[in-house]
Amino acid sequence: MNKLIILLLCVLFSTSWGVFACERTLSVGAHDAFWPPYVMGISGQLQGKEVDALTVIFKDSPFCFEIKMLPNSKRAFTELRHGRIDIGWAASYTSERAKYAHYTKAYRTEVMRLYENKNNQHTVKNLADIFNQGLTIGANFGSYYGEEFEQYKKSHKKQIEYTSATSKRFEMLNKQRIDYAIEDELVGNYLSKRGNSLMKAPTIPAINKDQIHLMLSKRTVTPDEVKIINAHITKNKAALKALFE
């Protein structure tokens, strides 16, 4: 009986410690369960480098996090703007988003590149060649690909095919339903290895290179809490760098 009481007390203590150690649980919006190596659904749980980064950042902090799956990135931005989720991850800075979200310090760098089918017969050297020739590009509606691409989003709308899932864009590229797909370099390299006919476009330099941050809803996260999270990003800078190399 004494052993049972001791065991129950140990369980109670460990559970209580978890509650008191975490002053607040922040919700994180995710919209793609297959975005390797950043996010992958494995055995009913989301894993990957973005999940690991949050674990590193929030270790020994007052915060825990829980991930909520959303239909697409557009919905994630809407939920963040209205304060129905607290965090958006893997975010480039834009002045429009900064109206409703705090930005943390950068925790990694993102390089956006174009991918093509190896059977592609087109000769292009830059984005201007692609759009001037009437070719098509697969993109994610909620992603930021730099100022030049933002202009083409307005002037050449019909040449951009938007999908919420990276795997869908690469499937379309594999079947040559689009001419190019734009994607984060680590993700694109991972997926192109899975498809024998896919490759990084060799004649086109990086479309955009950007610092990546967490977005924190201004409706639910205070400036003081942002400072705490920034301090943990700075403290774990070396571990985050190693994670994404």
Side-chain angles (χ1 to χ4, degrees), residues 30-42 46-51 69-77 89-92 94 108-212 244-245:
H31 61 86
D32 193 344
F34 187 67
W35 191 44
Y38 295 116
V39 183
M40 294 170 285
I42 301 174
L46 289 184
Q47 301 178 27
K49 291 182 180 292
E50 284 293 339
V51 182
M69 286 301 301
L70 300 169
N72 50 55
S73 57
K74 186 176 181 180
R75 175 67 176 274
F77 290 129
W89 57 19
S92 299
T94 71
R108 69 175 174 90
T109 301
E110 175 184 76
V111 179
M112 287 291 186
R113 292 194 179 274
L114 279 173
Y115 293 81
E116 66 179 356
N117 193 297
K118 292 180 180 178
N119 298 314
N120 190 353
Q121 299 297 313
H122 306 297
T123 302
V124 297
K125 294 182 179 179
N126 48 45
L127 283 177
D129 287 345
I130 292 172
F131 287 106
N132 290 339
Q133 292 181 32
L135 306 176
T136 55
I137 293 181
N140 177 32
F141 183 83
S143 293
Y144 179 74
Y145 302 119
E147 283 300 320
E148 183 182 4
F149 196 83
E150 288 295 302
Q151 296 304 312
Y152 287 121
K153 284 170 64 175
K154 300 173 184 177
S155 61
H156 294 71
K157 294 180 181 179
K158 294 183 179 179
Q159 291 171 242
I160 304 173
E161 295 283 345
Y162 292 110
T163 61
S164 58
T166 301
S167 56
K168 179 65 175 177
R169 288 193 292 280
F170 276 74
E171 179 185 344
M172 293 171 69
L173 188 63
N174 189 52
K175 295 179 179 179
Q176 293 188 284
R177 293 178 181 172
I178 54 176
D179 299 302
Y180 295 92
I182 187 168
E183 187 51 73
D184 176 286
E185 188 171 37
L186 291 185
V187 180
N189 290 349
Y190 182 98
L191 291 176
S192 60
K193 290 177 181 178
R194 292 166 59 95
N196 294 330
S197 62
L198 304 179
M199 62 182 285
K200 188 187 303 181
T203 59
I204 303 176
I207 300 302
N208 192 52
K209 186 175 182 179
D210 224 341
Q211 295 298 299
I212 296 301
F244 291 107
E245 282 184 342

Worksheet item: Is the shortest heavy-atom distance from the side chain of F34 to the side chain of K168 under 4.5 Å?
Response: no

Item to complete: Please tell me if the side chains of E110 and S92 come closer than 4.5 Å, counting only heavy atoms from C-beta onward.
Response: yes

Worksheet item: Can you find a heavy atom in the side chain of F141 that is under 4.5 Å from one in the side chain of T163?
Response: no

Worksheet, complete the sentence: Nearest heavy-atom contact between Q133 and V124 is NE2-CG1, 3.7 Å

Worksheet item: Where do R108 and E50 land on the salt bridge (Lys or Arg N to Asp or Glu O under 4.0 Å) test, with the steps shown first?
Response: CA-CA 10 Å; R108 69 175 174 90; E50 284 293 339; 2.7 Å; yes

Practice prompt. Please list, chain by chain and in numerical order, all residues satisfying salt bridge (Lys or Arg N to Asp or Glu O under 4.0 Å) with K200, sequence neighbours excluded.
Written response: E185

Fill in: Spacing of S155 atom OG and F131 atom CZ [to the nearest 0.5 Å]
7.5 Å

Discussion item. Quick check for you: to the nearest 0.5 Å, what is the distance between K118 atom NZ and S197 atom OG?
Written reply: 7.5 Å

Worksheet, complete the sentence: In terms of heavy-atom contacts, A206 and R113 come closest through N-NH1, 3.2 Å

Worksheet item: Yes or no on side-chain contact (heavy atoms from CB on, under 4.5 Å) for E161 and I137, after CA distance, side-chain angles and deciding distance?
Response: CA-CA 6 Å; E161 295 283 345; I137 293 181; over 6 Å; no

Worksheet item: Closest approach of Y152 and A128, non-hydrogen atoms and distance?
Response: OH-CA, 3.2 Å

Worksheet item: Can you tell me how far the CD atom of Q159 sits from the NZ atom of K153, to the nearest 0.5 Å?
Response: 15.0 Å

Practice prompt. Determine whether the side chains of Y145 and N140 contain a donor N or O and an acceptor N or O closer than 3.5 Å.
Written response: no

Worksheet entry | Heavy-atom check, side chain of L114 versus side chain of L127, under 4.5 Å | yes

Worksheet entry | Check against side-chain hydrogen bond (donor to acceptor under 3.5 Å, both in side chains), Y180 and R169 | CA-CA 9 Å; Y180 295 92; R169 288 193 292 280; over 6 Å; no

Worksheet item: When the ring planes of Y38 and F244 are compared, do they come out parallel, tilted or perpendicular, using 30° and 60° as the limits?
Response: tilted

Response to the item:
Heavy-atom closest pair (P36 atom, L191 atom, distance to 0.1 Å) is CG-CD2, 4.1 Å

Fill in: Closest non-hydrogen atom pair between D32 and A165, with its separation
OD2-CA, 3.5 Å

Fill in: Heavy atoms from other residues, nucleotides or ligands near NZ of K74 exceed 12 (cutoff 6.0 Å)
no

Fill in: N174 side chain vs F170 backbone, donor-acceptor pair below 3.5 Å
no

Fill in: T136 (side chain) donor-acceptor with D179 (main chain) under 3.5 angstrom
yes

Worksheet entry | N117 (side chain) donor-acceptor with L173 (main chain) under 3.5 angstrom | yes

Response to the item:
Shortest non-hydrogen pair, Y115 vs E183, comes out as CE1-O, 4.0 Å

Worksheet item: When you check the gap from the basic side-chain N to the acidic O, do K154 and E150 get nearer than 4.0 Å?
Response: no

Discussion item. Given 3.5 Å as the limit, does a donor-acceptor pair link the side chain of S192 with the main chain of M199, or not?
Written reply: no

Worksheet item: By salt bridge (Lys or Arg N to Asp or Glu O under 4.0 Å), which residues pair with D210, not counting sequence neighbours?
Response: none

Worksheet item: For the atom pair CG (L186) and NZ (K49), what is the distance rounded to the nearest 0.5 Å?
Response: 7.5 Å

Discussion item. Can you confirm whether T109 sits close enough to K209 that some side-chain heavy atom of one is under 4.5 Å from a side-chain heavy atom of the other?
Written reply: yes

Practice prompt. List in chain and number order the residues that pass salt bridge (Lys or Arg N to Asp or Glu O under 4.0 Å) with E116, two or more places apart in sequence or in another chain; answer none if no residue qualifies.
Written response: none

Item to complete: State, with a plain yes or no, whether a side-chain heavy atom of I207 is found less than 4.5 Å away from one of I204.
Response: yes

Worksheet item: When rounded to the nearest 0.5 angstrom, what distance separates OG in S143 from CE in M112?
Response: 5.0 Å

